[in-house]
Number of protein chains: 2
Amino acid sequence: MADSYHHGNLREALIDAGIKIINENGEENLSLRKVAAACDVSHAAPYAHFRDKEELIEAIKENVTEKFMEKLIEAVEGKPSADSAIIAMGRAYVTFFSKNPDYFIFLFGKQNITAHLKMNKEYKGDYPPFLLLRRMYLLHLEENGLEKSIEEQEIDLIKIWSIVHGMASIACMKGVKSSFNWNNIDERLLT
Amino acid sequence: MADSYHHGNLREALIDAGIKIINENGEENLSLRKVAAACDVSHAAPYAHFRDKEELIEAIKENVTEKFMEKLIEAVEGKPSADSAIIAMGRAYVTFFSKNPDYFIFLFGKQNITAHLKMNKEYKGDYPPFLLLRRMYLLHLEENGLEKSIEEQEIDLIKIWSIVHGMASIACMKGVKSSFNWNNIDERLLT
DNA sequence: CTCCAATCTTGACACTGTCAACATTAAAGA
DNA sequence: TCTTTAATGTTGACAGTGTCAAGATTGGAG
C-alpha cells in the first residue's frame, strides 16, 4: 500500500501532516502543496478530500479542538462541585495554550469561533469548550440553588470565559514573560 | 506631482492603502502588489520603503494602534479618579474592537505584542495601551493608599487586562451576538 | 467480469513575495 | 550653474502558491 496509486487513508494523513507543519514551522508555512508532498502525493491530490485550503484548515482545527477538549474534560471529571470543576477547567484552559501558544494563534487567530451566548438558542454548532463551560455554569447555579435572569447568566458566562480566554491570550503574547500565579486567582474566578 | 516619477509621500500612501484594503477585504486580501497598485506605483516600489511585507504590516499596526490609543486616552482624561479612568478605559477598549472586529484580528491575530509585565523593567518598547493601563493602575494604588507587592501588582494587572482583552476577543468572535451589558460589570472590574 | 465512482496525476493559469538590474529625479556640493 | 549622488521608482524574472480541467488508476458494486 505504500507505493500504490491510492493512498488508502489520505484524508487523515493530510490532517496529521498539516498539524506537524504548524507545530514545526507555524501556520504561515502551511501550504496545500507541502502537505501533499509530506504525504508523497501529487499537489492536487488534497482536492479529492477538501474543497479548498480553508476546508483542510477547518479539519485541522477540529482535530486540535478535540485534543483541547480532552484536557478540559479530564480537568472537569471527578470534581466534587461545579465550582471546583469550573476553576479546574479555567486552569486547564490556560495551561493548554501556555504549553503550545501556536495552537492559540491557530485556533483563535481569525476569531472564527461560533458561540451563541443567548441561552434560549439551540446550542448546536457552538464551540465545544464553550458548551462545556455553559453546562458547568448551569450546574453551578443548580447546586447553589441560584436563580438568575437570562441576562445575568449571559454576563456571568462572558465574564468567566473572558478572564480565562484573556489570560490565555496574554500568556501567548510574545514578550509576556511574567509567571501567572494561578493559585492566587482561583477563588476569585467565580463571582 | 500626480504623474511624476517620484510619488512624493509613498510611504504614508502605502500604509493608508493597506488600511483601506484590510477594512474592505480583510487582511488575507492584503498583498504588496495590490497596495502598490492602489498607489499607482509599480509592484516593487514598496521595497524602497519597507524591507518586506511584514515591515509594512508592522507599520500599519502602529498606525492602527495610534487610533486605538486616541480612544483610550480620550476615555481616560478628565476622569475624577484612577478607578473611574480604568473602567472608562476598559469600556473604550471593548467598544473600539466591537466597532471594528477586523482590527482585533489584525492586531492580535498573531499575538505579536510585546508587554513586559515585570514592574522593574524599563517600559520602553512595551505595548502603549498596556503602559497606559499600568500607569492608571499605579495611580489607583496611590490614590487609595494601597501597598502591594510586585507579584500582587502583576496579578492585578493581568486580571484587569485579561477580562477586558478577553471580552474584546469574545465580542469579535463570529456568532457572539449578545449585547455586552457593561453597566452591570463596571463595579466588579477592580478587585 | 464489467463498469463506475472515488481517488490520484499532470499540466496549466493567475497571483504572490522577492530580488537584480536599470531608469529617473531631487538635492547637495563644486 | 553644472555635476554627482543617493533616494526613489520601474521592469523583468524566479520560485512558490491556490485552484481548476483533463485524464489516469483502481477498488468495489452489480
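Throughout, a chain's letter reflects where its sequence line sits, starting with A, and its residues are numbered from 1.
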Reported CE-to-CZ distance for the pair A/M167 and A/R91, which is rounded to 0.5 angstrom: 11.5 Å
Of residues 26-42 of chain A, the positions that come close to DNA chain D - non-hydrogen atoms, cut-off under 4.0 Å: A/S31, A/L32, A/R33, A/K34
Nearest-angstrom distance from the residue atom CZ of A/R11 to P of C/dT7: 11 Å
Heavy-atom closest contact (A/I86 atom, A/I160 atom, distance): CG2-CG2, 4.2 Å
side-chain hydrogen bond (donor to acceptor under 3.5 Å, both in side chains) against A/N23, all qualifying residues, sequence neighbours excluded: A/Y103
Partner residues of A/Y93 under the side-chain hydrogen bond (donor to acceptor under 3.5 Å, both in side chains) criterion, sequence neighbours left out: A/W161, A/H165
Heavy-atom closest contact (A/G18 atom, A/V35 atom, distance): CA-CG2, 4.2 Å
Over 12 foreign heavy atoms within 6.0 Å of NZ, B/K79: yes
Pairs flagged by ring pair (Phe, Tyr, Trp, His ring centres under 6.0 Å) wherever residues 12-57 of chain A is involved - sequence neighbours left out: none
Contact list for DNA chain C against residues 57-64 of chain B - heavy-atom distance below 4.0 Å: none
Heavy-atom neighbours of A/E28 CD exceed 12 at 6.0 Å: yes
Listed partners of A/K61 passing side-chain hydrogen bond (donor to acceptor under 3.5 Å, both in side chains), at least two apart: A/N112
For atom NE2 of A/H43 and atom P of D/dA21, their distance in whole Å: 14 Å
What's touching nucleotides 20-26 of chain C from the protein side, N or O pairs under 3.5 Å?
from, atom 1, to, atom 2, distance (Å)
C/dA23, N3, B/Y5, OH, 3.0

Interface with DNA chain C, restricted to residues 47-56 of chain B and to heavy atoms under 4.0 Å: B/Y47, B/D52, B/K53
Residue pairs, two or more places apart or on separate chains, that pass salt bridge (Lys or Arg N to Asp or Glu O under 4.0 Å) and touch residues 45-57 of chain A: A/R51-A/E55
Flag side-chain contact, heavy atom, 4.5 Å: B/N144 against B/D83: yes
Least distance between heavy atoms, A/K148 atom then A/Q153 atom: O-NE2, 3.0 Å
Any donor-acceptor pair under 3.5 Å from B/E143 side chain to B/S81 backbone: no
Results of side-chain hydrogen bond (donor to acceptor under 3.5 Å, both in side chains) for A/N9 - residues two or more places apart only: none
Side chain to side chain contact (heavy atoms under 4.5 Å, CB included) against A/Q111, all qualifying residues, sequence neighbours excluded: A/F108, B/F104, B/I105, B/S169, B/C172, B/M173
Near-strand residues of residues 14-22 of chain A, defined as heavy-atom separation under 4.0 angstrom from DNA chain C: none
